[in-house]
Amino acid sequence: MSATATKETLGFQAEVKQLLHLMINSLYSNKEIFLRELISNASDAADKLRFEALSDASLYGPDADLKIRVSFDKAARTVTVSDNGVGMSREEVIANIGTIAKSGTREFFQALTGDQAKDAHLIGQFGVGFYSSFIVADRVTLVTRRAGVAAGEAVRWESDGGGEYSIEVVEKDTRGTEVTLHLREGEDELLDDFRLRALIRKYSDHIAIPIRMEKSVWDEEAKAHRRTGEDETINQASALWARPKAEIGDEQYQEFYKHVAHDFEPPLAWTHNRGEGRHEYTQLLYLPAHAPFDLYDRTHRHGIKLYVRRVFIMDDAEQLLPAYLRFVRGVVDSSDLPLNVSREILQQSKDIEAIRSGCTKRVLALLEDLAQNQKEKYAGFWKEFGLVLKEGIGEDHANKEKIAGLLRFASTHSDSEEQGVSFADYLARMKSGQEKIYYVTADSFLAAKNSPHLEVFRKKGIEVLLLAERVDEWLVSNLTEFEGKPLVSVARGDLDLGKLEDEAEKKEQEKQAGEYKDLTDKINGALGEQVKEVRVTLRLTSSPACLVSDQYDMGGNLARILKAAGQKVPESKPIMEINPGHPLVQRLKYEETGFADWSQVLFDQALLAEGGQLEDPAGFVKRLNELMLAMAGGSSKIWTPGN
């Protein structure tokens with residue numbers, strides 16, 4: 001770093017340098033967005049000044065008329081966007097422009113592919129903001145003065161988009177921020193009055209404060225447009241959410257979403273409604289098309305902007321929606337809340353409870369409509385946000401049934417990893433006499449699909465839901481039934497197929513339990529404290545053995561998840577079930593010398609098949625090798641080089 005008394009040169013954070021390089025190379029085909037992003041930032045600065053002025057009106061000074069101004073200079077080849085919003089201090093400039101203090105940054109850069117089209121899409125998800133200036137400019141100058149500070153404490157920031165930027169203290173007569181773009185060669189089309197006006201109307205017509213440009217008139221003598229020296233407003237300058245729905249087109253809704261969510265792509269769907277009665281409020285809520293990189297960070301919330309009578313209050317009002325809907329973006333404007341509302345007041349407000357309930361119901365209704373009438377769109381939504389929506393089963397008891405109806409799973413019906421099966425689909429395919437919804441949990445799709453617990457269900461053609469995500473254990477512990485049908489794990493307790501199990505099968509199991517009692521007792525003795533019980537089962541058709549949890553014990557998959565998270569797990573032992581029709585079990589019945597080894601190998605295989613980990617992997621390998629050699633007629637002594 002080099003420094004003088006008033007000016008210093010600093011290096012960009014590594015991630016900023018990488019992002020700048022990516023934007024210049026990947027987003028050029030969408031270069032128009034720079035103006036939308038700069039105007040959106042200026043609008044946010046005006047909103048923040050309004051909010052801060054609620055407690056300190058002196059911040060407005062003599063200039064309470066908030067506005068944004070766009071201008072250009074053909075001779076200097078510059079485009080300037082200025083505002084009289086809250087402005088920034090030196091520290092804020094460095095924090096907001098020199099670094100990216102954003103959750104998900106590392107994941108974003110890891111996801112980049114080098115393919116320009118794909119990377120442009122990823123950059124859009126991440127958000128571009130101020131850095132989009134460098135798509136069209138080879139040098140950007142920013143001069144800003146924080147509201148409430150002296151004219152001599154303004155800050156000038158400048159960079160060519162390389163590895164460094166300069167920052168110095170300067171004079172600025174008015175508060176707010178002025179961003180000047182020194183255009184690259186070939187960008188002269190932006191030095192045109194009509195071009196800039198068209199971009200403002202296309203991307204920023206919804207901005208709620210005036211966007212002004214110098215007025216021009218046609219000069220008949222000169223046969224050209226002449227500037228008048230007077231400014232005029234280009235946009236409608238009214239809150240889009242407060243306008244009647246009939247006056248708003250899809251393109252306007254989409255551009256407003258890009259402003260409020262700082263997203264690069266259009267939303268998947270939206271809902272715009274006014275709540276009336278005891279609580280009056282307007283909601284304009286959007287479903288993004290793609291998940292942000294910080295979706296799974298439950299502490300990072302920035303979805304809903306709260307306004308009170310069109311005055312901005314806060315841009316991350318987490319009280320307006322439950323955590324499992326944290327992906328929703330949009331605006332809520334209340335007529336009832338006080339202007340000086342704080343986060344503490346929000347937590348205790350009855351009005352907020354009503355708004356939260358209304359917003360939640362609207363979002364769930366929007367999702368239900370997509371699920372029923374636009375299945376492809378809903379499939380896209382589920383792929384992006386399904387994991388988060390599942391959290392709602394345990395968090396929102398009042399809407400549990402609605403959320404359950406929106407869930408999608410993989411199942412043995414198609415044996416595909418795609419999660420496209422709803423509970424309604426499952427119920428429609430249930431066999432005559434089937435009274436339960438069966439599921440299996442595992443730590444991967446393949447482990448669930450190939451679980452030995454499914455064998456009798458596949459034989460009888462009974463569909464089983466394949467749950468292979470960590471949140472699924474939380475889900476089934478909080479959702480015990482759907483439309484009166486209990487959810488039952490195929491790996492827990494006694495196998496009970498109800499009316500799907502005929503009397504002959506029951507009698508056969510009882511008969512074999514008697515015939516193999518000596519064997520099950522002997523295996524139990526050989527395994528000792530590793531098992532709670534050993535018993536015969538008809539659950540298996542091709543595997544020799546499996547492990548199941550007792551009816552009220554914790555399942556093996558959940559126990560492993562909790563252990564991995566560092567939590568204490570109540571000690572419980574599995575039940576080992578053997579398949580009396582399997583050749584290995586029949587062989588074991590007459591085994592004498594290697595009985596303990598055979599029993600241990602069967603137990604270890606069953607543990608591996610259900611996704612467990614062996615306490616002694618080397619011992620398992622040694623036993624297995626010796627048993628294979630013995631079966632091949634060789635010595636049980638394993639040969640090693642040098643022996």
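Please read all numbers here as calculations on a predicted model, not as lab measurements.
Inter-residue side-chain proximity for Val548 and His453 is flagged as met; some heavy-atom pair is nearer than 4.5 Å. Side-chain contact between Leu366 and Trp270 is absent, with no heavy-atom pair separated by less than 4.5 Å. By the 4.5 Å heavy-atom criterion applied to side chains, Pro267 and Asp263 are not counted as neighbours. Taking 4.5 Å as the limit, every side-chain heavy atom of Val456 sits out of range of all side-chain heavy atoms of Leu540. Using a 4.5 Å heavy-atom cutoff, the side chains of Tyr324 and Ile403 are in contact. Val328 places none of its side-chain heavy atoms less than 4.5 Å from the side chain of Tyr286. No side-chain heavy atom of Val488 sits under 4.5 Å from any side-chain heavy atom of Ile437. Residues Leu519 and Phe595 meet the side-chain proximity criterion, which asks for heavy atoms closer than 4.5 Å.
Crowding of Glu418 atom CD: a count of heavy atoms from other residues, nucleotides or ligands under 6.0 Å not exceeding 12. In Arg362, the CZ atom is not crowded: 12 or fewer heavy atoms of neighbouring residues, nucleotides or ligands sit closer than 6.0 Å. Annotation for Lys517: atom NZ does not count as buried by contact number, only 12 or fewer foreign heavy atoms lying within 6.0 Å. Annotation: Lys361, atom NZ; neighbour count of heavy atoms from other residues, nucleotides and ligands within 6.0 Å does not exceed 12.
No donor-acceptor distance shorter than 3.5 angstrom exists from the side chain of Asn450 to the backbone of Ala447, with no hydrogens or angles considered. Using modelled atom types, one side-chain atom of Glu455 and one backbone atom of Thr541 make a donor-acceptor pair closer than 3.5 Å. Proximity of a side-chain donor or acceptor of Asp425 to a complementary backbone N or O of Val421 within less than 3.5 Å is not detected. Between the side chain of Tyr378 and the backbone N or O of Leu406, at least one donor-acceptor pair lies under 3.5 Å. Counting only distance, with no hydrogens or angles, the side chain of Ser357 and the backbone of Ala354 share no donor-acceptor pair below 3.5 Å. Of the possible polar contacts, one joining the Glu591 side chain to the Gly594 backbone as a donor-acceptor pair under 3.5 Å is found. Side chain of Thr441 to main chain of Glu473: no donor-acceptor pair is present (N/O by atom type, distance under 3.5 Å, no hydrogens or angles).
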Apply salt bridge (Lys or Arg N to Asp or Glu O under 4.0 Å) to the pair Lys532 and Asp550, showing each step before the final yes or no.
-> CA-CA 9 Å; Lys532 177 179 283 189; Asp550 208 353; 3.2 Å; yes

In sequence, state the C-alpha distance, the side-chain angles, and the governing distance for Val332 and Cys359, and then conclude on side chain to side chain contact (heavy atoms under 4.5 Å, CB included).
-> CA-CA 9 Å; Val332 170; Cys359 289; 3.8 Å; yes

Glu483 vs Phe423, side chain to side chain contact (heavy atoms under 4.5 Å, CB included): CA-CA, chis, key distance, verdict = CA-CA 9 Å; Glu483 293 188 0; Phe423 280 126; over 6 Å; no

Candidate pair Lys436 and Lys485, rule side chain to side chain contact (heavy atoms under 4.5 Å, CB included), full reasoning | CA-CA 5 Å; Lys436 300 172 182 176; Lys485 303 289 186 184; over 6 Å; no

Would you check, one step at a time, whether the test side chain to side chain contact (heavy atoms under 4.5 Å, CB included) holds for Gln512 with Leu538?
-> CA-CA 10 Å; Gln512 290 185 335; Leu538 293 180; 4.0 Å; yes

Carefully, step by step, assess Gln530 and Gln600 under the rule side-chain hydrogen bond (donor to acceptor under 3.5 Å, both in side chains).
-> CA-CA 10 Å; Gln530 295 179 82; Gln600 189 63 52; 2.9 Å; yes

Could you check Asp616 against Lys622 for salt bridge (Lys or Arg N to Asp or Glu O under 4.0 Å), going step by step and ending with a plain yes or no?
-> CA-CA 10 Å; Asp616 182 13; Lys622 182 180 179 183; over 6 Å; no

side-chain hydrogen bond (donor to acceptor under 3.5 Å, both in side chains) between Thr271 and Asn273: does it pass, once the steps are laid out?
-> CA-CA 7 Å; Thr271 177; Asn273 299 280; 2.5 Å; yes

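Annotation: the span from Leu607 atom CG to Glu615 atom CD amounts to 8.5 Å, rounded to 0.5 Å. Going from atom CG of Leu287 over to atom CG of Leu268 covers 6.0 Å, rounded to the nearest 0.5 Å. Interatomic distance, Leu487 CG to Asn478 CG, rounded to the nearest 0.5 Å: 12.0 Å. Lys573 contributes atom NZ, which lies 14.0 Å from atom OG of Ser549 (distance to the nearest 0.5 angstrom). Distance CD/Glu353 to CD1/Ile355: 11.0 Å, rounded to 0.5 Å. Atom CZ of Phe603 sits about 12.0 Å away from atom SG of Cys546, to the nearest 0.5 Å.
Nearest heavy-atom pair, Leu624 versus Gln605, reported as atom, atom and distance to 0.1 Å: CD1-NE2, 4.4 Å. Gln586 and Tyr516 get closest at one heavy-atom pair: CG-OH, 4.0 Å. Pairing each heavy atom of Gln434 with each of Tyr426, the nearest pair is NE2-OH, 3.0 Å. Across all non-hydrogen atoms, the minimal contact from Gly405 to Phe482 is N-CE1, 3.9 Å. Nearest heavy atoms, Arg329 versus Ala261: CG-CB, 3.8 Å. When all heavy atoms are compared, the tightest approach of Lys390 to Trp382 is CE-CZ2, 3.6 Å.
Counted by atom type alone, Asp396 and Asn399 present one or more donor-acceptor pairs between their side chains at under 3.5 Å. Side chains of Trp474 and Glu391: a donor-acceptor N/O pair is absent below 3.5 angstrom, by distance only. Side chain to side chain, Gln254 and Glu265 fail the donor-acceptor criterion of an N or O pair below 3.5 Å.
The existence of a salt bridge linking Lys402 and Glu368 is excluded, since no basic side-chain nitrogen approaches an acidic carboxylate oxygen closer than 4.0 Å.
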Just list the side-chain donor-acceptor pairs under 3.5 Å for residues 574-582, sequence neighbours left out, or say none.
from	atom 1	to	atom 2	distance (Å)
Glu577	OE1	Thr537	OG1	3.0
Glu577	OE1	Arg539	NE	2.8
Glu577	OE1	Arg539	NH2	3.4
Glu577	OE2	Arg535	NE	2.9
Glu577	OE2	Arg535	NH2	2.9
Glu577	OE2	Arg539	NH2	3.1
Asn579	OD1	Gly581	N	3.0
Asn579	ND2	Ser543	O	3.1
His582	ND1	Leu584	N	3.1
His582	NE2	Ser542	O	3.4

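Taking the six-membered ring for Trp and the full ring otherwise, Phe381 and Phe327 have centroids separated by under 6.0 Å.
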